[in-house]
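For reference, the structure discussed in these notes is given below.
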Protein chains: 2
Amino acid sequence: MQTFPEPVIEPILAMPEAAYLQASSATPAFSPLYQQIKGLILNSLRAGEWKPGEMIPSEVELAGRFHVSQGTVRKAIDELAAENLLLRRQGKGTFVATHAEQQVQFRFLKLVPDSGTRGSEGPAQRDIIECKRGRATADVARALALRNGDMVLQARRLLSFGGAPIILEDIWLPAAPFKGLTAEQLANYQGPMYALFETEFNVRMVRAEEKIRAIPATELHVAHLKVPLGTPLLSVERVAYTYRDEPMELRRGYYRTDTHHYHNTLG
Amino acid sequence: MQTFPEPVIEPILAMPEAAYLQASSATPAFSPLYQQIKGLILNSLRAGEWKPGEMIPSEVELAGRFHVSQGTVRKAIDELAAENLLLRRQGKGTFVATHAEQQVQFRFLKLVPDSGTRGSEGPAQRDIIECKRGRATADVARALALRNGDMVLQARRLLSFGGAPIILEDIWLPAAPFKGLTAEQLANYQGPMYALFETEFNVRMVRAEEKIRAIPATELHVAHLKVPLGTPLLSVERVAYTYRDEPMELRRGYYRTDTHHYHNTLG
DNA sequence: CAGTGGTCTAGACCACTGG
DNA sequence: CAGTGGTCTAGACCACTGC
């Protein structure tokens, strides 16, 4: 078991002293104590001090470790929970969020059936069509912050709901962090792909950006999605990011929207 | 100037007593004090005690009014601010959110240019193509929680960016709350439509749900969006809700996605 | 300078979970 | 029952705004 050193903040007492903690830049850029605590907790998450699904130390324990009051730790955790990095469970503790939980199974999939709720069609069927190693093309390299020609893994898969093929996805991953990932792993793994990434490669997808367009079906889509050539499809290009805000996955999805739709809530 | 009675909560003292406030149902359903305060503030918003853009009473004043501590009021306001109903400005006060502010001008429009940022194309051009009264069809009535045949206002408009037509929208509004709305008002009003609704009709859009599909361009789209027949377009169906969670607008938008895309962030 | 929201603390007590 | 997160209070002080 790895041990982790105590944080190097002893002199924290109150807000004004806390301000000393920051790197003094041109702009003083005051940052409240709880933000600094939030940063320290985030660092522990990044360092893997607590793994996904595990319980983190209690609020009082963290308060003692950081030499601040429980309320300050609380506010830091509040924000991390609001960002879906932590999960609070009253009476139990605070846990590192994971994609493996049933309740947040489809947190990143916004396609839902026109009638009924998700799951009413039964479990999703995931078929890996292809999986290979290759070199990043210019657009893939740019999206993943790689250099042209860096090694990437590419997978193509088909998602079916209620027996009908609905989504065709092309996925690119930087080869280095996913060293050892095989087509068999992808094909045999039951459950969301991001859960596999967590448990096997210590890669946690935390946030994603999607660009959505309408495009006509090509022969590729005709073959797998069983739609006529030229049928309008939703093109969903996603870049997923880790704790460190590194882009770690590029995914191009093609969604049939004759029986499903992309659902979004505007707040 | 309208006056508002003090809230009818005198006996609030602490958490256990506060629980007495609730309607006692089969399930005791404990609700914390700050949630009740949040409800009271929300009621004031609904009643129009403070208008969009106006400052609400200070935290200490509200704490006095509700006989709770400032911290409790604070937590209630925190949640309302997180839901974009209130806007906190340090040193100034807390304000009722409005669609008229420059910074949140396009809070509900997720279409952005492929390159550059929004606004880089210059201001949006809004052209009202048509505006008429009519009776709700079955689907419109269902979306707006009306009865079949209830009177509705319908408008069609074209949004252009940098001189190019990008969005065609059909909008349905229940006639009753928008009594007196004219095509001239819509045509002449500069700024977001939701700002007009606020100032003229006391209707504040607070939340919306969108269903997105890919559809082929029809003759209607060809005529206004200048695309070939059958071109894939993004179909965005939006229902917008008020403070009271009443559906108050149905909007069907058709987006060209050759130079723009729908952008979404997954948390 | 007064008034506002923002931070932090210390302590009390409640609600929920599981042994 | 002990341990956890959740609520509430009272008070001090800080940061920001505008007069």
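Values reported hereafter were calculated over all heavy atoms of this structure, with side chains retained and with hydrogens, waters and symmetry mates removed. We name chains A, B, ... by the order of the sequence lines, and we start the count at 1 in each one.
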Ignoring the backbone of B/V68, work out which of C/dT9, D/dC8, D/dT9 is nearest its side chain. D/dT9

Which word best sums up how the rings of B/H99 and B/F108 line up, parallel for under 30°, tilted for 30 to 60°, or perpendicular for over 60°? tilted

It should be established whether B/R88 places a side-chain nitrogen or oxygen under 4.0 Å from OP1 or OP2 of nucleotide C/dG6. yes

Go through A/Y189 and A/R126 one step at a time and tell me if the side chain to side chain contact (heavy atoms under 4.5 Å, CB included) criterion holds. CA-CA 9 Å; A/Y189 191 79; A/R126 305 172 173 90; over 6 Å; no

Would you verify whether the NZ or CZ of B/R207 falls within 45 degrees of the ring axis of B/Y241 while also being under 6.0 Å from that six-membered ring's centre? yes

Return no unless some side-chain N or O of A/K92 is found under 4.0 Å from OP1 or OP2 of C/dC16. no

B/T94, nearest nucleotide to its side chain (from D/dG5, C/dT9, C/dG5): C/dG5

Phosphate OP1/OP2 of D/dT7: any B/T72 side-chain N/O under 4.0 Å: no

Side-chain contact, heavy-atom cut-off 4.5 Å: A/K110 with A/N264? yes

Atom pair distance, as rounded to whole Å: CD in A/Q35 and P in C/dT7: 8 Å

Expressed in angstrom and rounded to an integer, what is the separation of B/R74 atom CZ from D/dT7 atom C1'? 16 Å

Checking all strands, does B/E59 fall into the base, sugar-phosphate, or nothing category for heavy-atom contacts under 4.0 angstrom? sugar-phosphate

Tell which nucleotide pairs with C/dG18, taking only Watson-Crick or G-U wobble pairs whose two distances are both under 3.5 angstrom. D/dC1

So which nucleotide from D/dC8, D/dT4, D/dT9 ends up closest to the side chain of B/S69? D/dT9

Please determine, for the side chain of B/Q90, which listed nucleotide (D/dC16, D/dG5, C/dT4) has the closest atom? D/dC16

Over how many whole Å does the gap from B/D78 atom CG to C/dT4 atom P extend? 17 Å

Does a side-chain N or O of A/K75 approach OP1 or OP2 of C/dT7 to a distance below 4.0 Å, or not? yes

